[in-house]
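Quick note on labels: first sequence line is chain A, next is B, and so on, each numbered from 1.
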Amino acid sequence: MTVDRIDIYPTREYQGVKLRAGRQLPFGASAVPGGVNFSVYSAHATACTLVLFEKGAQEPMVEIPFPDEFRIGNVFAMIVFGLEYENTEYGYRMDGPWDPTNGFRFDKDKILMDPYAKAIGGRDVWGQTPDWNDIYHHRARLVYDDFDWEDDRPLETPIEDLVVYEAHVRSFTQHESSGIRHRGTFAGIREKIAYLKELGINCLELMPVYEFDEFENSRTSPVNGELLLNYWGYSTVGFFAPKAGYAATGHLGMQVDEFKALVKELHRNGITPQRATKTARISRFAGWTTGPTTCSRRRVTTSISAARVTR
Amino acid sequence: MEIRVDAIGSVTVVAIAGDLDGSTAPRAQEEVLALLGPGAKIVLDLTTLDYMSSAGARLLLLIYRQITQNSGDVLLAGLNTEIEDMLSATGFLDYFKVAMTVDDGLAMLGE
């Protein structure tokens, strides 16, 4: 037993919210005693503001500029105390140069999603038409980072021994003939593990499972007038966040637990999970990319690369 | 959120009613963990629980861990379909014995 930490008390206050300088690592939002540590990297931003929302609210509850003292090198880090963990969404406004010729397109009027977000809300149910007037579509959320993995570990099956089955999370079980409870979801795949074992496979490669925008480049079918969505998902919004619309519990914000439960159960059954990823294709909603004009106005930094984000 | 505690023989029935979420789970944790001595046998009666969030699911697992490390036993009774679905989809249900009713639960714990 030890006494409590002494560096977990606020040192300043902004509009009634208690703060202290944060820790630079890990990036993203992490639980610390009494609060949440927010850390974000930007090589060229001149200022950063943390924007906090109550879950689902149209307007922010508070916007907190990072004090200069809370920036070390290219990292803005701040602990915010007293947040209601399950009821908070957050994003950033990054200020910096607007110089498209040289690749700089900072726009502090836009709210950017945290590139390190582990859960993303706002599109919790697959195919549900969003509110296009929302000022912040894909919303970074806080997650409990205490999933009980017990003795789970990666299987490390040699690649030459893998028998790979590739599947799309939704298509794999969405049809009623799948005969399961949670069709078209991570939980649905878990229900079909016995079937996968029967096939004799030992590796399940899932087409993109991280958050993407199924409405990106959507169009109307000339054949039957149906709205055609970005179904495969090779256009990432957040590489670290399981897609909420693929979770039976996405509407409850529990997609991270549901996805981890699937990974754990696959391991338990000798099946290596793999995920298909194309880092070259990134959604315009991914706030941190270099790339074409369609996405650049929402970026956190001009220099961070997809490769760095996915390490 | 309200908690009612009844002792029935060697079993403690803890009924949690209302919403079990991030704002109520800390109080529920304090009240329920205070009941957990060595060898405790607990029926968690969720018959009148309306809503459970991620924090609520975590509290259930915390109770499970506390009880089982002290050689006790715990089960869930009276789960409604929505909450059972959530616990099932996220794997939390895998840890628990489940009874349809409190009476069934008492029988399963030998009371």
Ring pair (Phe, Tyr, Trp, His ring centres under 6.0 Å) with A:F53: which residues, sequence neighbours excluded? A:Y136
Can you list the residues that meet the ring pair (Phe, Tyr, Trp, His ring centres under 6.0 Å) rule with A:Y9, with sequence neighbours excluded? none
On a heavy-atom basis, which atom in B:A89 and which in A:A248 lie closest, and how many Å separate them? CB-CB, 4.2 Å
Counting distance alone, with no hydrogens or angles, which donor-acceptor pairs between chain A and chain B are under 3.5 Å?
from   : atom 1 : to    : atom 2 : distance (Å)
A:E86  : OE1    : B:G22 : N      : 2.9
A:E86  : OE1    : B:S53 : OG     : 2.7
A:E86  : OE2    : B:S53 : OG     : 2.8
A:E86  : OE2    : B:S54 : N      : 3.2
A:E86  : OE2    : B:A55 : N      : 2.6
A:D146 : OD1    : B:R58 : NE     : 2.5
A:D146 : OD1    : B:R58 : NH2    : 3.0
A:D146 : OD2    : B:R58 : NE     : 3.4
A:D148 : OD2    : B:R65 : NE     : 3.0
A:D148 : OD2    : B:R65 : NH2    : 2.5
A:E150 : OE2    : B:R65 : NH2    : 3.2
A:R181 : NE     : B:D85 : OD1    : 2.7
A:R181 : NH2    : B:D85 : OD1    : 2.8
A:H182 : NE2    : B:D85 : OD1    : 3.4
A:R190 : NH1    : B:D94 : OD2    : 3.2
A:R190 : NH2    : B:S88 : O      : 2.4
A:D257 : OD1    : B:R58 : NH2    : 2.9
A:D257 : OD2    : B:R58 : NH1    : 3.0
A:D257 : OD2    : B:R58 : NH2    : 3.4
A:K264 : NZ     : B:Y95 : OH     : 3.0

Qualifying residues under salt bridge (charged side-chain N to carboxylate O under 4.0 Å, His left out), relative to A:E13, sequence neighbours excluded: A:K18
